[in-house]
Protein chains: 2
Amino acid sequence: MATIKDIADVAGVSLATVSRVINNGPKVGDATRERVKKVMEELGYRPNANARALVTRKSASLGVVIAELLDPFFATLAHGIDAVARRQNVQILMSAGSIEKQTELKAIDTLLQHRCEAMVVHSKALDDKTLVEFAAQVPGFVLINRYIEDIGHRCVWLDNVAGGQTMARHMLSQGHKKFVVVSSKYQIDDPIQRLSGIRKELALSDIELPESHIEFSTPDQEGGEIAMRNLLARGIEFTAVLAYNDAMASGAMTLLQDHDVNVPTDVSIIGYDDVLLAKYCRPKLTTLHYPVEMMATKAADLALAYARGDVPDPSVTYKYTPTLVKRDSVMNRHAGQST
Amino acid sequence: MATIKDIADVAGVSLATVSRVINNGPKVGDATRERVKKVMEELGYRPNANARALVTRKSASLGVVIAELLDPFFATLAHGIDAVARRQNVQILMSAGSIEKQTELKAIDTLLQHRCEAMVVHSKALDDKTLVEFAAQVPGFVLINRYIEDIGHRCVWLDNVAGGQTMARHMLSQGHKKFVVVSSKYQIDDPIQRLSGIRKELALSDIELPESHIEFSTPDQEGGEIAMRNLLARGIEFTAVLAYNDAMASGAMTLLQDHDVNVPTDVSIIGYDDVLLAKYCRPKLTTLHYPVEMMATKAADLALAYARGDVPDPSVTYKYTPTLVKRDSVMNRHAGQST
DNA sequence: TTGTAAGCGTTATCAT
DNA sequence: ATGATAACGCTTACAA
């Protein structure tokens, strides 16, 4: 592959001049510039990103650590990041961390070896301290979907407590009184926070949520089925199910339907995330919209900005709030209509 | 960040020795090795991947070009690739190409700038010639989901004609005689090949498929709805719909149901791909399983092998065949039962 | 406006 | 077993 030297030789100029042309440097004569460009074209020259990164100490790349590419939630996340990467002309270095300490650690480590100064990481397995240390090393280190106070201005996160409250409040407003929760068995912050929001809101109406009314499983459709099966088996009475996410909601719904329980007339369900699935399952899922893509975009922009040395207003934080999307899986028990 | 020189200074050895330790080189005394390792540990040393790539001309990374991260099909693809990347300890450089000539070109170009010698690319917009040229430049250039004869041993692809035949054959075997096709409007090979397979198979039963029975739209759920709406509006009679993929099938199904057409008793539907959606829409979709993940894994392995200089048996080709997955969206019109 | 040369962090080839 | 030293391809003062 042609190097800058080859171009210089053929064009009859020095390395420096070629470099200037490549980088649209200022002090080059028009004639020379054209000639060099022509030679580059002819030789199919492509600047060596590695050499460049080495000397400039800038990698023109954005590191991304997410849990799992298959999950539509993360796919959306990745998609949002990709959009800004493309816009800002940086290459994405992608690693899946699978919510495992060692894997997440290794993913970040590899990114560090590549010396990428901007990275948006979704980490649930690593502890605060570790993450804060990384943040200290990498100027453009941004956390998504997690809040750590010490680096609060580098966190783009969702208010899960508020989310839990909104779910409960909506069901309450529709006249529901008997609740059941289908949650994620992974002991990360999210399910805990959502649950606490739910409890907080229910408490305002003097409703308790006993442990037996909560079932924990994997946060996917199968997990939703299993959780619902267990709830049914336990003979608990309920008219409202609050799911950890849309996938679990859909699974739970499927199982209910298989048992001839009608949704929403017999039982109402509300999901969380508002991924595509929510719109296409039957009945369509009432859920909380998680503005992942917007958040991903913000996170990527932020990471790149910090890496560039820009200092965004340090007083602002990037907290997002999920919003209710009413579709067809929740019935109004006052009016007897689905809302 | 600590460099190899820092390590050498602190450990009191030369650069060469440190380099040997890093690479588990042979000729280093045990005592020295330990001492150096200890220093590396203390200083939190991380080899600079850029410097390494520069001098070795090997990038320890795998380039990936796919159309669209959001699409579950590509998410699965990416997931398969990620698995081998992790196993083989290489970093993924990911670019979305969005089935646009310029974008795909740029994606590959960027990968080339990073000098990655292994890449698996999913390109539908670039022409054969361009792709063959890239393949000539990059030892580990592997095409997925496309077959080009000149570089046949570097293509991992699906037999779409056979797929089309299988769809039609299944419907035929279930006693269907009136067909309609919901296809993709993108004029890439896939829809054309599937359609030709369908026609070929129907011809064996002396059934024609007039253009008016085919509706082209975007290959997603909304496209499926639109296509089906048009078919219905045109007043065509049919009992079997062959969809381009599961998303379109699901959209078509939804629209049918909204018009009180029962699936599968009134109309049977068959999808293609077998993504998660197929299992979770109602009724569950009978479809063709596209072994994407397996293919992605193979492609990644192949790319890395070629990049390494290994020469896999040049006589074998990597053609895969989709297989029928019977679920609940197709009815047997002989027996009157869904099959 | 153009060229010279040092240096980025490694690996690899010689010597020793 | 260890150490100098020359690349690798590029950017960037500093000279001219």
Side-chain angles (χ1 to χ4, degrees), chain A residues 1-37 39-40 43-61 91 109-117 137 308, chain B residues 1-37 39-40 43-61 91 109-117 137 308:
Chain A
M1 184 148 294
T3 75
I4 207 176
K5 183 160 186 315
D6 299 328
I7 311 290
D9 289 349
V10 176
V13 295
S14 73
L15 298 184
T17 301
V18 178
S19 179
R20 286 182 193 110
V21 173
I22 293 171
N23 300 291
N24 279 310
K27 301 151 178 293
V28 184
D30 283 352
T32 325
R33 169 161 284 145
E34 284 319 307
R35 185 154 38 96
V36 172
K37 278 196 171 169
V39 175
M40 294 196 327
L43 271 57
Y45 172 73
R46 280 197 186 79
N48 183 321
N50 297 310
R52 245 188 200 179
L54 183 57
V55 56
T56 62
R57 293 136 170 293
K58 303 213 167 311
S59 75
S61 65
Q91 172 69 55
D109 187 83
T110 309
L111 257 21
L112 244 22
Q113 294 188 198
H114 283 262
R115 298 296 186 271
C116 69
E117 337 77 54
Q137 274 182 70
R308 217 182 290 119
Chain B
M1 184 145 297
T3 74
I4 208 175
K5 182 162 187 315
D6 299 327
I7 311 290
D9 289 350
V10 176
V13 295
S14 72
L15 298 185
T17 301
V18 178
S19 180
R20 285 183 194 109
V21 173
I22 293 171
N23 300 289
N24 279 309
K27 299 150 180 294
V28 183
D30 283 352
T32 323
R33 168 162 286 148
E34 283 319 306
R35 184 154 38 96
V36 172
K37 277 195 171 171
V39 176
M40 296 197 325
L43 271 58
Y45 171 74
R46 279 198 187 78
N48 184 320
N50 297 310
R52 241 186 209 189
L54 182 58
V55 56
T56 63
R57 294 133 171 294
K58 303 215 166 312
S59 75
S61 65
Q91 173 68 55
D109 189 82
T110 310
L111 257 21
L112 245 21
Q113 293 190 196
H114 283 263
R115 299 297 188 269
C116 72
E117 337 76 56
Q137 273 182 71
R308 216 181 291 120

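Naming convention: chains lettered A, B, ... in sequence-line order (proteins, then strands); numbering from 1 in each chain.
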Original post:
B:Arg115 and A:Met1: side-chain contact (heavy atoms from CB on, under 4.5 Å), yes or no, with the steps?
Top reply: CA-CA 10 Å; B:Arg115 299 297 188 269; A:Met1 184 148 294; 3.4 Å; yes
**OP:** Enter the inter-axis angle for the ends of the helix from C:dT1-D:dA16 to C:dT16-D:dA1 (five pairs per end, rounded to 10°).
**Re:**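 Inter-axis angle at the termini of the helix from C:dT1-D:dA16 to C:dT16-D:dA1: 40°.
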Subject >> Spacing of B:Asn48 atom CG relative to D:dC10 atom P, expressed in whole Å >> reply: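 It works out to 16 Å between those atoms.
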Subject >> For atom CD1 of B:Ile4 and atom P of D:dG3, their distance in whole Å >> reply: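 Between P of D:dG3 and CD1 of B:Ile4: 13 Å.
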Original post:
Quick one, which residues of residues 18-34 of chain B touch DNA chain D with a heavy atom under 4.0 Å?
Top reply: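 Close to the strand are B:Arg20, B:Lys27, B:Val28, B:Gly29, B:Thr32.
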What pairs with [X] under side-chain contact (heavy atoms from CB on, under 4.5 Å), at least two apart in sequence or on another chain?
X	answer
A:Ser61	A:Ser59, A:Gln91, A:Leu93, A:Cys116
B:Ser14	B:Ala16, B:Thr17
A:Arg57	none

Sequence neighbours left out, cut at 3.5 Å: what donor-acceptor pairs do the side chains of residues 43-53 of chain B make with other protein atoms?
| unit_1 | atom_1 | unit_2 | atom_2 | d |
| --- | --- | --- | --- | --- |
| B:Arg46 | NE | A:Asp109 | OD1 | 2.6 |
| B:Arg46 | NH1 | A:Gln137 | OE1 | 3.4 |
| B:Arg46 | NH2 | A:Asp109 | OD1 | 3.4 |
| B:Asn48 | OD1 | B:Asn50 | N | 2.8 |
| B:Asn48 | OD1 | B:Ala51 | N | 3.1 |
| B:Asn50 | ND2 | A:His114 | O | 3.3 |

Subject >> Distance in Å, A:Leu112 CG paired with A:Glu117 CD, rounded so as to fall on 0.5 Å steps >> reply: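 Answer rounded to 0.5 Å: 10.5 Å.
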For residues 4-13 of chain A, which side-chain donor-acceptor pairs fall under 3.5 Å, sequence neighbours excluded?
| unit_1 | atom_1 | unit_2 | atom_2 | d |
| --- | --- | --- | --- | --- |
| A:Lys5 | NZ | A:Asp9 | OD2 | 3.3 |
| A:Asp6 | OD2 | A:Thr3 | N | 2.8 |

Original post:
Stepwise, does the side-chain contact (heavy atoms from CB on, under 4.5 Å) test hold for B:Ser19 with B:Asn23?
Top reply: CA-CA 6 Å; B:Ser19 180; B:Asn23 300 289; 3.5 Å; yes
Original post:
Of B:Arg115 and B:Gly12, whose nearest nucleotide on DNA chain D comes first from the 5' end?
Top reply: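 Nearest-nucleotide comparison on DNA chain D picks B:Gly12.
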Original post:
Mapping B:Val13 and A:Arg52 to their closest nucleotides on DNA chain D, which lands nearer the 5' end?
Top reply: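 First, find each residue's nearest nucleotide; the 5'-ward one identifies B:Val13.
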Subject >> Sequence-distant partners of B:Arg33, side-chain hydrogen bond (donor to acceptor under 3.5 Å, both in side chains), two or more places apart >> reply: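 Partners of B:Arg33 under the side-chain hydrogen bond (donor to acceptor under 3.5 Å, both in side chains) test: none.
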Pairwise N/O distances under 3.5 Å, protein to nucleotides 6-8 of chain D:
| unit_1 | atom_1 | unit_2 | atom_2 | d |
| --- | --- | --- | --- | --- |
| D:dC8 | O3' | B:Arg57 | NH2 | 3.3 |

**OP:** Enumerate the residue pairs fulfilling salt bridge (charged side-chain N to carboxylate O under 4.0 Å, His left out) with a member in residues 13-25 of chain A, sequence neighbours excluded, ordered by first and then second residue.
**Re:**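 Qualifying pairs, neighbours excluded: none.
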Original post:
Earliest and latest nucleotide of DNA chain C, 5' to 3', sitting under 4.0 Å from a non-hydrogen atom of chain A?
Top reply: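 The footprint of chain A covers C:dT1 to C:dG9.
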